[in-house]
Every structure is written in structure tokens, then in C-alpha cells.
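Following: one structure in C-alpha cells, then a few remarks.
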Amino acid sequence: MLIRSKNFNIAQIANSGQCFRMNEISENKFSMIAYGTYIELEQLDEETVNISCSEEDFHERWVEYFDFKYDYDRIVKELIQGKDQFLKAAAEYGKGIRILKQEPFEMLISYIISQNKNIPSIKNCIERICERYGEKRRSDQGEGVTYYTFPSPDRLAKASAKDLRELKLGYRDEYIINAAQAVVQGELPLEKLMGCSFEEAAAVLKKIRGIGNKVANCILLYGLHHIEAFPVDVWIAKVLKEIYDNRFDVKIYDGYAGIVQQYMFYYMRNLKGV
DNA sequence: ACCCAGGCCTGGA
DNA sequence: TCCAGGCATGGG
């Protein structure tokens, strides 16, 4: 299935720090596991991507997943034509990024893990969790690929702290079990939070141990698609301090600050040579 | 060897 | 409300 879009660059998305199960498997070609499915994506040229799925699957699932209903070109143009020189450069540099609509539960657990870790380490932890608690499946792509789905809430809720500890999650292990149990017991109704206001959803998330302001904003942005969320991690903090002298006004980008944040994050890391 | 990572929690000003 | 220290572990 060929997709043509000015704002769809797989390498940029894979390296934008929002998803942890998209990996380069060969030149310009990436694998991805989401919603229990394995797919491959190949960047053929700047505006063309080949997705290894049927047209039917694409419309049923991936249109939504890659947020194709949202006009990123409008945002990019606005930033490029704007007065903010940093965002102008950031938008130009990362214009192929989109905010994925990833699975809420996977984002909940992934971003609890993410705290005080670098991205390669986060990815390793998540893969270990999938291998231990996910379902082993086989894709018919290429010569056949074995992969593991992200575990269900039920599966993680039943995990023992001792078993999780073997996965080298550090002190986060009990946060994970507790959060999974909150989902199973209905105390943390993730699907429902998509329909709530941003503030309401954030408040519910932050009641869970291990979820502070930053992690809550990531879950809201990447899992619940509240694109007004603005997660501030060490990189965004660097941007706010070094570029804006801590005077950045998020309200200017009211309603889509999360997208602006993503361009900032991706560009700043590039500037610092990550 | 060392510092830092898509931070959070607790305790004390 | 704001700050310091601790946290478990791996990547660079």
C-alpha cells in the first residue's frame, strides 16, 4: 500500500522518541509492532512510504494510527512562516513527524518505564516485557518474522514483583503492576479518558503512583491523543531554558502544543548530536 | 570511571 | 510552593 504525503517520514517518526517499537531493519525500511500486528514501512522517497498492509487494513486501522486526518502541513507552514526562528528551523527539520495514536495501555506502561532512562534503554525494557508477558506471534512478512505483542492489562496485573524485577526495570516494577491493576479494576479507565477534558484526564492519571506531570502528559499526548499536552522532559527543559530563557508561552500554540513540542524535542536532540 | 537518561516520591524548608 | 536527595539500571 503506497502512501503519498508531504508530512510522513518514517525515520523521523521512529527517532522522535514517541514510539519505542519502531526499528530500522534495513536502509530506509522500518518494522513496527502495534495493535498486535507487525508491519513494515519503507520510505521510497521524501513523500512516499510503502506500508506492508492491504488497502482495507490501512483504512480500518492505520489511517487513524498515523493521524492522517489531521493537517500537519498547516502546522508546519504556520511555524515556518512564523516569527519564532527556533520553531521555524525545528518545523522545517522535522516536518515528516506525526503524532501517532498509540495504544493507551502500552503508552501508560511505556512512559512509566521511561522515567530517568534514555531511549535505547526504554526500548530494551519494553521488549523484555513483551517477550515475557506478550503473545508470541508469527508474521508472514518477508521470510517470516517472530514477534511479541505488548501484554494486556490483565497479564501485567497478575505479574509478580519478583518476576518483573528480573526484567531490570529497577524501582519501576511496582509502579507497573499497580498501574495495570488500576486499569483492570476500572480505577483508571483509559478509553474513557480520551473523551474527558485534558485537565480531568491528567488529574486521574496523576493519582497513579509513578505518574507525575511529565509522564501524564506523554500518556495524554501519545496514548489518549490530547494533542494540547506539552510534556517537559530534560530535552524540552533545555529548549525552554537555552532558547527561550524560560519565557516560552505555550498558550500561543493552544490546542496543538504537543505537536510543537515534538518538533522541539526532535530538533534539539539533533542540535546536541544525539 | 563517570555522568546522565522523555522523572517521581518523600521529607523538609 | 519549591528544593535535595534517593532511587535501580543501562547507555554513551
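Naming convention: chains lettered A, B, ... in sequence-line order (proteins, then strands); numbering from 1 in each chain. Every value quoted in this text rests on a predicted model; they were computed, and no experiment measured them.
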- Check the distance between C/dG10's P and A/Lys123's NZ and give it to me in whole angstrom. 18 Å
- Out of C/dA8, B/dG7, B/dA5, minimum distance to the side chain of A/Gln115 belongs to B/dG7
- What orientation do A/Trp62 and A/Tyr65 show, parallel under 30°, tilted 30 to 60°, or perpendicular over 60°? perpendicular
- Query: Rounded to whole angstrom units, what separation is found between the CG atom of A/Asn213 and the P atom of C/dC2?
  - Reply: 12 Å
- Query: Which of parallel (below 30°), tilted (30 to 60°) and perpendicular (above 60°) describes A/Phe68 and A/Phe8?
  - Reply: perpendicular
- Length of the line joining A/Phe265:CZ and B/dG7:C1', which is rounded to integer Å: 14 Å
- Nearest listed nucleotide, side chain of A/Tyr222, among B/dA5, B/dG6, C/dA8: B/dG6
- Message: Of the listed nucleotides (C/dT9, B/dG6, B/dC8), which one gets closest to any side-chain atom of A/Ile119?
- Response: B/dG6
- Once you apply the 3.5 Å cut-off to both distances, tell me the Watson-Crick or G-U wobble partner of C/dG5, or none. B/dC9
- Item | Phosphate OP1/OP2 of B/dA5: any A/Lys238 side-chain N/O under 4.0 Å | yes
- Query: When we call it a touch if two heavy atoms are under 4.0 Å apart, what does A/Ser16 touch: a base, just sugar-phosphate, or nothing?
  - Reply: base
- Taking atom types as modelled and ignoring hydrogens, do the side chains of A/Asn124 and A/Ser121 form a donor-acceptor contact shorter than 3.5 angstrom? no
- Atom CG of A/Asn116 and atom C1' of C/dG5: how far apart are they, to the nearest Å? 13 Å
- Query: Looking across every strand, which nucleic acid part, if any, lies under 4.0 Å from A/Gln262 by heavy atom: base, sugar-phosphate, or nothing?
  - Reply: base
- Message: Between A/Gln18 and A/Lys206, which residue's closest nucleotide on DNA chain B lies nearer the 5′ terminus?
- Response: A/Gln18
- Task: Tell me what A/Gly212 touches on the nucleic acid: a base, only sugar-phosphate, or nothing, going by heavy atoms under 4.0 Å.
- Result: sugar-phosphate
- Given DNA chain C, 5'-ward residue of the pair A/Arg165 and A/Asn124, judged by closest heavy atom: A/Arg165
- Query: Within this structure, what is the CZ-to-P distance between A/Arg172 and C/dA8, rounded to whole angstrom?
  - Reply: 10 Å
- Rounded to whole angstroms, how far apart are CZ on A/Phe20 and P on C/dG10? 18 Å
- Item | Shared hydrophobic cluster for A/Ile33 and A/Ile39 (ILVMFWY, side-chain gaps under 4.5 Å) | no
- Nearest to the side chain of A/Ser121 - B/dA5, B/dC9, C/dG10? C/dG10
- Message: Nearest whole Å is fine: how far is B/dA5 C1' from A/Lys168 NZ?
- Response: 18 Å
- At under 4.0 Å between heavy atoms, what does A/Leu169 touch on the DNA or RNA strands: base, sugar-phosphate, or nothing? nothing
- Query: Does B/dT10 have OP1 or OP2 sitting under 4.0 Å from an N or O in the side chain of A/Arg209?
  - Reply: yes
- Note on the structure: A/Tyr111 has its side chain closest, among C/dT9, B/dC9, B/dG6, to B/dG6
- Message: Suppose we define a pair by two distances each less than 3.5 Å, Watson-Crick or G-U wobble; what does B/dC4 pair with here?
- Response: C/dG10
- Task: Between A/Val274 and A/Ile208, just flag the one whose closest nucleotide in DNA chain B comes earlier from the 5' side.
- Result: A/Val274
- Message: Tell me whether A/Glu64 is salt-bridged to A/Lys101, with the criterion being a basic N under 4.0 Å from an acidic carboxylate O.
- Response: yes
- Can you tell me how far P of B/dG6 sits from CD of A/Gln261, to the nearest Å? 13 Å
- Give the nucleotide from the list C/dG12, B/dA5, C/dA8 with an atom nearest to the side chain of A/Pro120. C/dG12
- Consider only side-chain N and O atoms of A/Gln18 and A/Tyr111, and report whether a donor and an acceptor are under 3.5 Å apart. no
- Is a donor-acceptor pair below 3.5 Å formed from side chain A/Tyr266 to base B/dG6, judging by atom type as modelled? no
- Query: Considering only the P atoms, how many Å lie between C/dG5 and B/dG6, rounded to the nearest integer?
  - Reply: 23 Å
